[in-house]
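Encoded as structure tokens, the structure appears first; notes follow it.
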Amino acid sequence: MDYSQFLYMREELSLIAVLVIVFLADLFVSPDSRKPKGIPAWYTMLPVILLVIHTAINLIPGTATDLFGGMYHYVPMHTVIKSVLNVGTIIVFLMAHEWLKRDDTSFKQGEFYVLTLSTLLGMYLMISAGHFLMFFIGLETASIPMAALVAFEKYRHNSAEAGAKYILSALFSSALLLFGLSMIYGTSGTLYFDDLPSFINGSPLQIMAFVFFFTGMAFKLSLVPFHLWTADVYEGAPTTVTAYLSVISKGSAAFVLLTLLIKVFAPMIANWQEVLFWIAIASITIANIFAVRQQNIKRLMAFSSISQAGYILLGIIGGTALGMTSLVYYVLVYAVANLAVFGIIAIIELRSKKVAIEDYAGLYKTNPKLSFLMTIALFSLAGIPPFAGFFSKFFIFMAAFDAGFHLLVFIALVNTVISLYYYLLIVKAMYITPSENPIPTFRSDNYTKLGLALCTLGIIGLGIASIVYQSIDKLSFGL
């Protein structure tokens, strides 16, 4: 075997280097050198600085290549989506500082960073897979550490229960996905993405194989009707982990699903378009209806995440280059807006232990800056101009409309009104609803401020800087 092929996996290799350095730093930081309140502050910046360097050196796309007989496949668009995931992870690390420096979690900082970077490595492998075996290895590398992150606070709240629900759901979905892959192999005799289209003919067994495969992916994306774990896991997991799960994990799974539908299941486009049509309608509509009923803000954002996954399907359903561009841009904008919301929820939960929507009553009077940032983030999620979320929704609607799914776009547009209603419930609580005991005034730590500043810059700047969308569009591909 030519081991020099590993040198072409520059993104994976540099991420592994980051992971190893963080692991060694955690291993050799002596307890005697710790400050009274936990590990020195520089330890939070170590993974952030390393990830920034890792992102910077891999920011320029390389040339398309196949390695290890086609097991690993790289195209320039992979660099774009991996960079989006990197930026989201950096923001999560910044927002996690205040939580991780607590007495009951400070000694676990290293584990948090290593587990998070391990999931990111798994997503990298999923994105660059050229064979279903590599894809599945990446999927499990991303899923198993995520279960440990969800159960990170096993002695607090419902974290252990959330971890158990997540791992059981992940195992069940992986089993269904493997069952579908076994059927694909049985009807084709290969699992290489480039070879499979010539064997896919839409036979009943292959349709069943696709149904099982899509079911497994739908669990990862928390699409209706495979979404029932989402609200409980989002509520029970540490809020920073919930932010990572709702954005980074979902973004990578959506891109991989689009790639597989384009590469592998292209001959069955009529079949999978019909499936995606009904799943998208169900996910957007049912999630929005259930979100209206929520009193816990983390559960509300869980159903919002399910609805957003339905919107993401609008970029997938056409299987076009325009759809891929709109999907990647949507994930980028969704990441900064959703991370801003969860960052504010996390800092408020840490300082006040409050997560109910009614607890946010009067927040504008005591913490006006956080209220303002929460408002623009929620407006971006709802697709209100002039924020970036409006443009991301416009482009993803345009991709579905251009592919001929006019009814689907109309239903999605109607649902944006419903989503605006429950987002405005939070805004109403902060600005209008009176409270005799509002959340007290407090100052956020500098790491959280930096994370929220990056999110705010993204929410406003991504809608103005058209070069971002144009740069993504140049690297897109479709059927």
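Below, each value reflects all heavy atoms present in this structure, side chains not excepted, and no hydrogens, waters or symmetry copies.
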Does the side chain of [Y] come within less than 4.5 Å of [X]'s, by heavy atoms?
X      : Y      : value
Ser83  : Leu59  : yes
Ile306 : Phe303 : yes
Ile279 : Val224 : no
Pro197 : Lys263 : no
Thr65  : Val75  : no
His73  : Phe68  : no
Leu314 : Phe397 : yes

Margin query: Please determine whether side chain to side chain donor-acceptor pair (under 3.5 Å) holds for the pair Lys82 and Ser128, giving the CA-CA distance in whole Å, both sets of side-chain angles, and the decisive distance to 0.1 Å.
Written below: CA-CA 10 Å; Lys82 290 174 183 177; Ser128 294; 2.7 Å; yes
Check: Would Cys455 and Ile91 satisfy side chain to side chain contact (heavy atoms under 4.5 Å, CB included), going step by step from the backbone distance to the final call?
Finding: CA-CA 8 Å; Cys455 291; Ile91 295 173; 3.7 Å; yes
Check: Among Trp229, Phe152, Tyr234, whose ring-ring contact (aromatic ring centres under 6.0 Å, His included) with Tyr166 holds?
Finding: Trp229
Exam field: side chain [X] to backbone [Y], donor-acceptor pair closer than 3.5 Å:
X      : Y      : result
Thr116 : Phe112 : yes
Gln273 : Ile317 : yes
Thr141 : Gly122 : no
Trp99  : Thr240 : no
Arg351 : Arg443 : yes
Ser143 : Glu140 : no
His78  : Ile127 : yes
Thr89  : Leu85  : yes

Report the relative orientation of the aromatic rings in [X] and [Y]; use parallel for angles under 30°, tilted for 30 to 60°, perpendicular for over 60°.
X      : Y      : answer
Phe226 : Phe219 : tilted
Phe135 : Phe132 : perpendicular
Phe387 : Phe379 : tilted

Distance in Å, [X] [atom1] paired with [Y] [atom2], rounded so as to fall on 0.5 Å steps:
X      : Y      : atom1 : atom2 : answer
Ile396 : Thr325 : CD1   : OG1   : 11.0 Å
Leu149 : Ser118 : CG    : OG    : 9.0 Å
Met71  : Leu133 : CE    : CG    : 4.5 Å
Leu50  : Leu46  : CG    : CG    : 4.5 Å
Thr79  : Arg10  : OG1   : CZ    : 5.5 Å
Leu339 : Ile248 : CG    : CD1   : 6.0 Å

For [X] and [Y], test the side chains for any donor-to-acceptor distance below 3.5 angstrom and give the result as yes or no.
X      : Y      : answer
Thr448 : Asp445 : yes
Asn288 : Ser419 : no
Asn58  : Ser14  : yes
Asp66  : Tyr72  : no
Ser283 : Tyr311 : no
Lys393 : Thr416 : no

Checklist line | Criterion salt bridge (charged side-chain N to carboxylate O under 4.0 Å, His left out) on Lys449 and Glu98, from CA distance to verdict | finding: CA-CA 11 Å; Lys449 288 180 180 178; Glu98 184 78 3; over 6 Å; no
Between [X] and [Y], which heavy-atom pair has the shortest distance, and what is it?
X      : Y      : result
Leu408 : Ala280 : CD1-CB, 4.0 Å
Ala254 : Leu221 : N-CD2, 3.7 Å
Ile81  : Gly251 : CD1-O, 4.5 Å
Tyr423 : Gln308 : OH-NE2, 3.4 Å
Ala129 : Met134 : CB-CG, 3.7 Å
Ile472 : Met77  : O-CE, 3.3 Å

Notebook entry, point to check: Does the side chain to side chain donor-acceptor pair (under 3.5 Å) test come out yes or no for Asn338 and Ser246, once each step is laid out?
Noted result: CA-CA 8 Å; Asn338 216 46; Ser246 69; 3.0 Å; yes
Next item on the list: For Lys250 and Ser305, run side chain to side chain donor-acceptor pair (under 3.5 Å): C-alpha distance rounded to whole Å, both residues' side-chain angles, the deciding distance at 0.1 Å, then the answer.
Entry: CA-CA 9 Å; Lys250 193 181 298 295; Ser305 177; 3.3 Å; yes
Checklist line | Sequence-distant partners of Asp232, salt bridge (Lys or Arg N to Asp or Glu O under 4.0 Å), two or more places apart | finding: Lys165, Arg299
Item checked: salt bridge (Lys or Arg N to Asp or Glu O under 4.0 Å) partners for Lys220, two or more places apart -> none
Margin query: Taking the six-membered ring for Trp, are Phe210 and Phe265 closer than 6.0 Å centroid to centroid?
Written below: yes
Check: For Leu370 and Leu452, what are the C-alpha separation, side-chain angles and deciding distance, and is it a side chain to side chain contact (heavy atoms under 4.5 Å, CB included)?
Finding: CA-CA 9 Å; Leu370 286 182; Leu452 290 176; 3.9 Å; yes
Margin query: I'd like to know whether Phe212 forms a side chain to side chain contact (heavy atoms under 4.5 Å, CB included) with Leu177, so could you lay out the CA-CA distance, the side-chain angles of the two residues, the decisive distance to 0.1 Å, and finally the verdict.
Written below: CA-CA 6 Å; Phe212 279 110; Leu177 190 146; over 6 Å; no
Check: Under the side chain to side chain donor-acceptor pair (under 3.5 Å) criterion, do Tyr74 and Thr63 qualify, and how do the steps go?
Finding: CA-CA 8 Å; Tyr74 170 81; Thr63 56; over 6 Å; no
Check: More than 12 foreign heavy atoms under 6.0 Å from CZ of Phe442: is that the case here?
Finding: yes
Notebook entry, point to check: Counting only heavy atoms not in Phe401, do more than 12 fall under 6.0 Å of its CZ?
Noted result: no
Item checked: Steps toward side chain to side chain contact (heavy atoms under 4.5 Å, CB included) verdict (Tyr244, Thr119) -> CA-CA 10 Å; Tyr244 184 82; Thr119 66; 2.7 Å; yes
Check: Would Phe214 and Trp272 count as a ring pair (Phe, Tyr, Trp, His ring centres under 6.0 Å) if you check the C-alpha gap in whole Å, the side-chain angles of each, and the deciding distance to 0.1 Å?
Finding: CA-CA 9 Å; Phe214 181 78; Trp272 57 256; 9.5 Å; no
